[in-house]
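What follows is a single structure, written as structure tokens, with notes after it.
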2 protein chains.
Amino acid sequence: VTADRRSAAIVGLGLIGGSLARDLAARGIRVLGFDNDPATLSAATAAGVVPLDATLAGVDEADVVIVATPVSAIGSVLGTIAPMIGRASLVTDVGSTKRSANAAAAALGGGIGERFVGSHPMAGDHRTGWSAARRDLFAGADVYLCPTETTSAQTLERARGFWSELEARPRIITAEEHDALMARASHLPHVASAAIALALETAGVNVSQLGSGGRDVVRIAGGSADLWADIAIENGDELLRALAGVPGELERFREALAARDRDQLRALFARARQWVNPDARA
Amino acid sequence: VTADRRSAAIVGLGLIGGSLARDLAARGIRVLGFDNDPATLSAATAAGVVPLDATLAGVDEADVVIVATPVSAIGSVLGTIAPMIGRASLVTDVGSTKRSANAAAAALGGGIGERFVGSHPMAGDHRTGWSAARRDLFAGADVYLCPTETTSAQTLERARGFWSELEARPRIITAEEHDALMARASHLPHVASAAIALALETAGVNVSQLGSGGRDVVRIAGGSADLWADIAIENGDELLRALAGVPGELERFREALAARDRDQLRALFARARQWVNPDARA
């Protein structure tokens with residue numbers, strides 16, 4: 001740290017960027033920020049964030065730069081900041097897919113190539129935007145760190161320290177492993193939740209008629225359509241592979257039910273229960 | 001009420017029966033109870049429930065009798081208590097499907113025929129059993145009341161008063177309407193959640209790798225396999241009809257994704273979001 005006071009620049013002040021801004025400010029770090037949405041930027045400014053304009057001039061003052069935009073914008077933001085990363089010892093993003101941002105950063109080369117590592121904090125909410133941002137969103141959460149071929153060892157250590165300071169748990173994996181895992185552990189449940197919501201809408205059910213369990217199942221389908229369309233497209237191949245497994249499992253239940261095969265239904269529910277809750281008795 | 005102190009008998013002291021026991025005891029009502037599981041019955045006894053044995057002798061002392069067993073056992077329990085409902089002005093069950101219990105009660109005729117009305121409180125938890133039972137589980141919850149063809153008007157009023165006293169919101173519908181609605185609003189999300197859990201298990205994902213959204217989606221699949229096998233079988237026809245809508249919705253997402261059609265994906269996610277959260281901006 002070369003300045004009197006550490007500083008961080010955050011591009012994109014939604015749920016993740018905004019929560020980072022709150023966490024960092026609470027630790028005495030000066031936060032510079034930008035958001036495309038003027039209302040968001042002004043709310044963040046009112047909360048103490050030093051506003052940047054769309055040129056991102058001033059980002060060179062930051063020790064760490066975090067790109068917290070939708071995944072489709074990360075490559076372009078990295079291109080904008082590449083010539084002015086200044087003294088920053090860490091540039092990272094927080095996107096839900098990692099291959100494309102990593103490829104963009106590695107292609108830029110130069111200082112940013114060495115100082116960039118992709119991050120994906122496994123923290124979120126069905127609510128979105130600055131107004132949903134809050135402190136300690138990352139405490140206890142896994143954060144995947146995905147180095148590129150040009151990331152320096154020092155940068156990786158810096159990223160590990162950055163997230164550990166927010167009480168998150170850094171885990172290092174390749175961008176390819178990350179995206180394949182997320183297609184299954186995150187993107188598949190999201191698409192399935194949205195498909196169930198649409199099936200219920202088509203069946204004439206009102207969301208207020210759901211019990212607590214049904215509400216849990218469709219909750220994440222309340223997330224941003226733009227963000228999720230981006231994520232699904234970015235991780236299309238892996239997500240298609242993951243989704244291919246769902247219809248067959250639904251069909252098992254349908255067959256057991258059509259045959260009124262209670263033992264088979266019970267076995268299917270028991271296997272699901274065991275997976276969801278490994279400590280439970282079946 | 002004809003006695004010095006009101007009393008209720010509860011057959012089945014799991015999550016729902018146990019929570020009723022706690023709520024009623026807290027209101028000064030003497031609670032008689034039975035459970036097939038000796039450990040459950042002894043835990044309930046230690047908490048102040050007056051234990052009945054398997055013959056249910058003593059149930060005639062109760063002003064209200066609640067059958068809180070799995071749905072497959074309700075008909076048989078109603079048969080056992082029919083000759084000894086004594087002074088009870090209300091006999092009800094709390095099963096998640098209503099047609100079969102209602103048919104069983106109406107077929108018994110006599111006193112129980114008039115004094116029975118089916119109840120289904122829309123309150124639950126992925127945890128099960130006496131240990132998960134708690135006070136105020138029903139506060140603010142909808143409770144469907146399904147009269148049979150023999151239910152008296154007085155019984156229906158009594159049931160409405162019973163649930164209102166627990167701060168639940170009674171809603172009167174037919175057993176047929178209830179079961180069709182639940183197939184969609186409750187049983188479909190449960191089966192879909194279990195199918196997603198099995199797809200994730202098959203894909204080699206560990207539940208600890210899910211984010212908060214993914215965990216929400218599979219949470220109810222952690223519920224009792226026995227209970228849900230019963231419910232699914234009981235409501236088989238309606239559930240099969242409801243489930244038939246899901247593969248087509250998944251296929252819409254798959255097609256949009258295969259075509260990398262961002263606009264179509266966004267439209268699908270936006271429609272799901274709008275249904276889940278009618279007050280949100282798309």
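The figures that follow rest on heavy atoms only: side chains count, while hydrogens, waters and symmetry mates do not.
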| request: Just give me the residue among A:Ala267, A:Ala242, A:Gly213, A:Gly245 that pairs up with chain B most often, heavy atom to heavy atom, under 4.5 Å. | output: A:Gly213
| Can you tell me how far the OH atom of B:Tyr144 sits from the CD atom of A:Gln209, to the nearest 0.5 Å? | 5.5 Å
| field | Residue part contacting chain B, namely of A:Asn206, when any heavy atom lies under 4.5 Å | value | backbone
| query | Who passes side-chain hydrogen bond (donor to acceptor under 3.5 Å, both in side chains) against A:Glu251, sequence neighbours left out? | reply | A:Arg254
| For chain B, the option from A:Leu239, A:Asp237, A:Asp263 that forms the most heavy-atom pairs under 4.5 Å | A:Asp237
| request: Of all the heavy-atom pairs spanning A:Pro189 and B:Val217, show the shortest one and how long it is. | output: O-CG2, 3.9 Å
| remark: If you tally heavy-atom pairs under 4.5 Å between each of A:Pro247, A:Ala244, A:Ala232 and chain B, the highest tally belongs to A:Ala232
| request: Could you tell me whether A:Arg160 atom CZ has more than 12 heavy atoms of other residues or ligands within 6.0 Å of it? | output: no
| message | Counting only non-hydrogen atoms closer than 4.5 Å, does A:Leu243 touch chain B with its backbone (N, CA, C, O), its side chain (CB onward), both, or neither? | response | side chain
| field | Under 4.5 Å from any heavy atom of chain B - which part of A:Ile233 | value | both
| message | Could you report the tightest heavy-atom contact between B:Phe269 and A:Ala194, atom names first, then the distance? | response | CD2-CB, 4.0 Å
| field | Segment of B:Thr202 engaging chain A (4.5 angstrom heavy-atom cut-off) | value | side chain
| A:Leu240 versus B:Ala258, closest heavy-atom pair with distance | CD1-CA, 3.9 Å
| request: Drop me the distance from A:Arg260's CZ to B:Glu234's CD, to the nearest 0.5 angstrom. | output: 10.5 Å
| request: Would you give the length of the straight line joining atom CG of B:Leu181 to atom CG of A:Leu210, rounded to the nearest 0.5 angstrom? | output: 9.0 Å
| request: Measure the spacing between OG of B:Ser193 and CD1 of A:Ile196 and express it to the nearest 0.5 Å. | output: 7.5 Å
| message | Quick check on the interface: out of B:Leu188, B:Asp142, B:Leu200, B:Val191, who has the most heavy-atom pairs with chain A under 4.5 Å? | response | B:Leu200
| said: Would you compute the distance between atom CG of B:Leu227 and atom CZ of A:Arg266 and round it to the nearest 0.5 angstrom? | reply: 10.5 Å
| message | Closer than 3.5 angstrom, by distance alone: can the side chain of B:Trp275 be matched with the main-chain N or O of A:Val205 as a donor-acceptor pair? | response | yes
| query | Which atoms form the tightest heavy-atom contact between B:Leu250 and A:Ala192, and what is the distance? | reply | CD2-CA, 4.2 Å
| remark: So, the part of A:Ser212 with a heavy atom under 4.5 Å from chain B: the answer is side chain
| field | Distance-minimising heavy-atom pair for A:Ala221 and B:Val276 | value | CB-CG2, 4.0 Å
| request: Find the one option among A:Gly214, A:Gly211, A:Gly236 whose heavy-atom pairs under 4.5 Å with chain B are most numerous. | output: A:Gly236
| field | Options B:Ser186, B:Pro278, B:Ala141, B:Ala195, ranked by heavy-atom pairs under 4.5 Å with chain A, top entry | value | B:Ala195
| query | Are any of the side-chain nitrogens in B:Arg262 or A:Asp226 under 4.0 Å away from the carboxylate oxygens of its partner? | reply | yes
| task | Mind checking side-chain hydrogen bond (donor to acceptor under 3.5 Å, both in side chains) for A:Thr128 and listing every partner two or more places apart, or none if nothing turns up? | result | none
| What residue, out of A:Leu265, A:Val207, A:Ile220, has the most heavy-atom pairs lying under 4.5 Å from chain B? | A:Val207
| query | Relative to chain A, which segment of B:Asp261 carries a heavy atom at a distance below 4.5 Å: side chain, backbone, both, or neither? | reply | backbone
| said: With heavy-atom distances below 4.5 Å as the criterion, would you say the side chains of B:Trp228 and A:Arg273 are in contact? | reply: no
| field | A:Glu201 side, atom CD; B:Arg184 side, atom CZ - distance, nearest 0.5 Å | value | 13.0 Å
| task | Identify the heavy atoms of A:Ala197 and B:Ala272 that sit nearest to each other, and give their distance. | result | CB-CB, 4.0 Å
